[in-house]
Amino acid sequence: MLKYGGLTLFNRLKLFFLGLVLGKAVVAETWVLIDYVTGMQNNYLGGIVFQ
């Protein structure tokens, strides 16, 4: 990013990538809560196994 877009592109895209990481965490936590409520186990989410 820094090589092609400089500091301005880096500052704009770091929020984008932070949003991707936080979005994945929110979805994973949602499935954990759904599993807890329904009593299900061993669900897969993007290669992550929740047991």
Side-chain angles (χ1 to χ4, degrees):
M1 275 189 283
L2 288 173
K3 181 178 179 180
Y4 296 110
L7 191 58
T8 57
L9 181 64
F10 173 76
N11 285 331
R12 286 190 356 218
L13 288 181
K14 71 180 175 182
L15 292 176
F16 171 73
F17 287 108
L18 180 63
L20 288 177
V21 171
L22 291 176
K24 178 115 179 169
V26 168
V27 169
E29 182 61 30
T30 301
W31 281 113
V32 168
L33 290 173
I34 290 172
D35 289 345
Y36 179 74
V37 170
T38 62
M40 294 180 64
Q41 293 180 349
N42 298 330
N43 290 312
Y44 295 91
L45 178 65
I48 302 170
V49 179
F50 299 103
Q51 296 181 1

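Note that this is a predicted model, so its numbers are computed, not measured. For the single chain, residues carry numbers from 1 onward in sequence order. Both backbone and side-chain heavy atoms feed into the values below; hydrogens, waters and symmetry mates do not.
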All side-chain contact (heavy atoms from CB on, under 4.5 Å) counterparts of [X], not counting sequence neighbours:
X	answer
Thr8	none
Tyr4	none
Leu22	Leu18

Grouping I, L, V, M, F, W and Y whenever their side-chain heavy atoms are under 4.5 Å apart, do [X] and [Y] come out in a common cluster?
X	Y	value
Leu7	Phe16	yes
Val26	Trp31	no
Leu13	Leu20	yes

Next item on the list: State the OH-CG distance between Tyr36 and Leu33, to the nearest 0.5 angstrom.
Entry: 9.5 Å

